[in-house]
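What follows is a short report on a single structure.
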Amino acid sequence: MLSTPLGNIIISADGKPLDYKAIPFSFNRPPVSEHPIAGCFRIHIAAKDFCTISCILEYNNPAIKNSGDSGEKYLNAEFILGNIILHIGMEDENPAFESVRLSNGLEYRLLTQINEVVFGIAWTNDYHKYDVRTWFAADPTILL
């Protein structure tokens, strides 16, 4: 289980928790290459015969809200508390699935059988307004 400064990352398929491996990911492109972030990971999940696969942030602080947004072929969940910002990212605009933002994370709703889905996780402990480092680093659609 991936533990972050804001809480644990839980992966579930069809409502049942899954074991997973969070793979450290090195995002060495601007703006991260100029100002490193605290954590960056990719989580690959074999889609098998699942209907839904979700990635949620398990937190107990009501001050934390999901204020995520989207980009080109990218959907994210954004959580901010003080100087900590955490993004969960996923692919969007794909005919094989619907991408859904949940109150505490993201979910793939599979429409056809696919091999795998990927979530990106990134956070920093020195967030400031207009800081986009974790937004880019959590995007699993950016090829390095």
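A quick note: this is a predicted structure, and the numbers were derived from the prediction, not measured.
- Distance alone, capped at 3.5 Å, is enough to place a donor-acceptor pair between the Y20 side chain and the L2 backbone.
- Side-chain contact between E98 and L111: present, with at least one pair of heavy atoms (C-beta onward) separated by less than 4.5 Å.
- Scanning for side-chain hydrogen bond (donor to acceptor under 3.5 Å, both in side chains) contacts around D139 gives T141, with sequence neighbours left out.
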Apply side chain to side chain contact (heavy atoms under 4.5 Å, CB included) to the pair C51 and L110, showing each step before the final yes or no. CA-CA 5 Å; C51 294; L110 305 176; 5.8 Å; no
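- Here the side chains of F27 and R29 are in contact, with some heavy-atom distance below 4.5 Å.
- For the pair F50 and L18, the minimum side-chain heavy-atom distance is below 4.5 Å.
- P31 meets the side-chain contact (heavy atoms from CB on, under 4.5 Å) test with E34, V132, R133, F136; sequence neighbours excluded.
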I43 and I9: side chain to side chain contact (heavy atoms under 4.5 Å, CB included), yes or no, with the steps? CA-CA 10 Å; I43 299 172; I9 298 295; 4.1 Å; yes
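- Side-chain contact of D49 with Q113: a donor-acceptor pair under 3.5 Å is present, judged by distance alone.
- Nearest heavy-atom pair across D131 and D126 is OD2-O, 4.1 Å.
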Begin with the C-alpha distance, continue with both residues' side-chain angles, and end with the deciding distance and a verdict on side chain to side chain contact (heavy atoms under 4.5 Å, CB included) for L6 and I64. CA-CA 8 Å; L6 297 182; I64 301 172; 4.1 Å; yes
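- Judged as a side-chain contact (heavy atoms from CB on, under 4.5 Å), and not counting sequence neighbours, the contacts of K73 are E93.
- Rounding to the nearest 0.5 Å places NZ of K21 at 15.0 Å from CD1 of I11.
- Minimum heavy-atom separation, A122 to A138: CB-N, 3.9 Å.
- Between the side chains of D69 and N76, at least one donor N or O sits under 3.5 Å from an acceptor N or O.
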Go through I10 and M1 one step at a time and tell me if the side chain to side chain contact (heavy atoms under 4.5 Å, CB included) criterion holds. CA-CA 7 Å; I10 307 296; M1 179 179 307; 3.8 Å; yes
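- Taking 4.5 Å as the limit, every side-chain heavy atom of C55 sits out of range of all side-chain heavy atoms of I45.
- Applying the ring-ring contact (aromatic ring centres under 6.0 Å, His included) definition to pairs two or more places apart or across chains, those involving residues 57-84 are Y59-F79, Y74-W135.
- Using modelled atom types and a 3.5 Å distance limit, the side chains of S12 and S54 yield a donor-acceptor pair.
- Taking the six-membered ring wherever Trp is involved, the centroid distance between the rings of Y108 and F119 falls below 6.0 Å.
- Under the side-chain contact (heavy atoms from CB on, under 4.5 Å) criterion, D19 pairs with no residue, sequence neighbours left out.
- Side-chain contact check for L57 versus T4: some heavy-atom pair is nearer than 4.5 Å.
- Residue S103 comes nearest to N66 through the heavy atom pair O-CB, 3.1 Å, listed as atom of the first residue, atom of the second, then distance.
- Taking every heavy atom of both residues into account, I88 and I56 meet most closely at CD1-C, 4.4 Å.
- Without hydrogens or angle criteria, S26 side chain to N28 main chain gives no donor-acceptor distance under 3.5 Å.
- Legend: residues meeting side-chain contact (heavy atoms from CB on, under 4.5 Å) with S99, ordered by chain and number and at least two apart, are L75, M90, D92, F97.
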